[in-house]
There are 2 protein chains.
Amino acid sequence: MSLPHAILTALLEKPSSGLELTRRFDRSIGYFWSATHQQIYRELGKLEADGHIRALPTEQPARGQKKSYEVLPAGRAELARWTAASQDPRPHRDTLLLRLRASAVVGTEGIEADLRRHLDLHRRQLAEYEEIEKRDFPPGRDQPEDRLRHLVLRAGIELETFWTRWLTDALEEFGELPDSGPA
Amino acid sequence: MSLPHAILTALLEKPSSGLELTRRFDRSIGYFWSATHQQIYRELGKLEADGHIRALPTEQPARGQKKSYEVLPAGRAELARWTAASQDPRPHRDTLLLRLRASAVVGTEGIEADLRRHLDLHRRQLAEYEEIEKRDFPPGRDQPEDRLRHLVLRAGIELETFWTRWLTDALEEFGELPDSGPA
DNA sequence: CTCGTTTGTGCAACTAGTTGCACAAACCCG
DNA sequence: CGGGTTTGTGCAACTAGTTGCACAAACGAG
């Protein structure tokens, strides 16, 4: 049950409309908590009903459709409560590792191309993160909030680095495997 | 839609009953595709209905309740198909990173204890993986299937190593932070 | 031998996330 | 100025995963 809290965080960082939130989920928050616009609108409705957020009063109420939301004190309190509460890590689910294990049994036919594709995706993601790091965390800035956000970004960078390296190793392993394994 | 394929893989490695599968998910497959016994029984039913697996004919059909399943050719074919098919990585969702980002906004009060707890969990998991590696992959064995399975285990080991290190860094960062951050 | 515990199988209801579609307003192009 | 694209909001139906419970057989201790 974290989507509402992801949204509260995003709205505290900056009040936004549904679509703006969607975009920010695509670029930033979504790197570790992805959501579609449908999910977001649904959740905005619930959060408003619960009195955690409210639509910003707009000057021309009827003209443009764009509704921006801001967090109310109750919402901030709920987010603080949730952040501090102890939570168990959610179970991992990784299809690629599963497929690799399956391929030890049914043969490696066909999986190699997809490993390459994933390697490429992870490389791109890594490049994107490094771009963000360069832009948002130049050496020297160290306000506490920056340090926390940087820490989060570094987790992303290091995870992508790991996958990139691991996939490279895996592909090397494939090069040495007798053709198409058991099956 | 990977649970059925996780089960097929497990059953190909060794025909099992529902409960045996559940245990194996807790110890091994579940490290990257966790499932509860309820999910497993439900899925066994579907797989049997689809003709992908069948209950092993048992000598005393009525006495002990334990039903073991084995994979049928159609099931193996389906698994091979799925393994080879190109798949997009599923979106990440990591609550801890989300909470850390939230704590940059609402304050770090209370989260540190949970970081410690997670660090401890990851250390244990890492130790468990290393135990398995020592037991199942002593230097010198390199049948192709072993190498693939070892690769998968290494991913687990390296991921836990990453989290352990990252959490250690994070906690250090906390030590240097002015008390309880913004809020 | 019987009564509590563990083993083993399973259903039902709920929650979270995904997919597919609808529809109005704004904008922009010929 | 009329018609296609983009922006923005949202509902409905479905799929996957979680939680809570039920119940029978086997096992083990007093």
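Just so we're on the same page: letters track the sequence lines, and every chain starts at 1.
Going from atom NE2 of H92(B) over to atom P of dG17(C) covers 15 Å, rounded to whole Å. Regarding K46(A), its NZ atom lies at a distance of 12 Å from the P atom of dC11(D), rounded to whole Å. Residue D88(B) contributes atom CG, which lies 14 Å from atom C1' of dT18(C) at whole-angstrom precision. When the P atom of dT15(C) is taken as reference, atom CD of Q39(B) falls 17 Å away, rounded to whole Å. Spacing between atom OH of Y41(B) and atom C1' of dT7(C) amounts to 9 Å, rounded to whole angstrom units. Protein atom NZ of K67(B) is 11 Å distant from nucleotide atom C1' of dG8(C), rounded to whole Å. The distance between atom CD of E43(B) and atom C1' of dC11(C), rounded to the nearest whole Å, is 15 Å. Protein atom CG of L47(B) is 13 Å distant from nucleotide atom P of dG10(C), rounded to whole Å.
Here the side chain of H37(A) is nearest to one of dT9(D), dT19(C), dT7(D), namely dT9(D). The side chain of R23(A) sits closest to dG8(D) out of dG8(D), dT18(D), dG17(C). Residue M1(B) places its side chain closer to dA16(D) than to any other of dG8(D), dA16(D), dA16(C).
Contact annotation: R42(A) side-chain N/O to dA13(D) OP1/OP2 distance is not under 4.0 Å. For dA16(D), the OP1/OP2 oxygens have no side-chain nitrogen or oxygen of R93(A) closer than 4.0 Å. Q38(A) has no side-chain polar atom (N or O) that falls below the 4.0 Å cut-off from OP1 or OP2 of dT18(C). Residue R90(B) places no side-chain N or O under 4.0 Å from the OP1 or OP2 atom of dA16(D).
Heavy-atom minimum distance, W166(B) versus L151(A): NE1-O, 3.1 Å. Between E48(B) and A55(B), the closest heavy-atom pair is OE2-N, 3.7 Å.
R54(B) places no side-chain N or O within 3.5 Å of a backbone atom of E70(B) that could act as its donor or acceptor partner. Looking at R101(B), its side chain never comes within 3.5 Å of a backbone N or O of F32(A) through a donor-acceptor pair.
Every ring-ring contact (aromatic ring centres under 6.0 Å, His included) that H150(B) has, sequence neighbours left out, goes to F137(B).
I53(B) and L72(B) sit in two unconnected hydrophobic clusters of ILVMFWY residues. Membership requires side-chain heavy atoms under 4.5 Å apart, directly or through other members.
Taking the charged nitrogens against the carboxylate oxygens, R149(B) and D136(B) have no contact shorter than 4.0 Å, which rules out a salt bridge.
Contacts between residues 2-19 of chain B and DNA chain C, defined by a heavy-atom separation under 4.0 Å, are made by S17(B), G18(B), L19(B).
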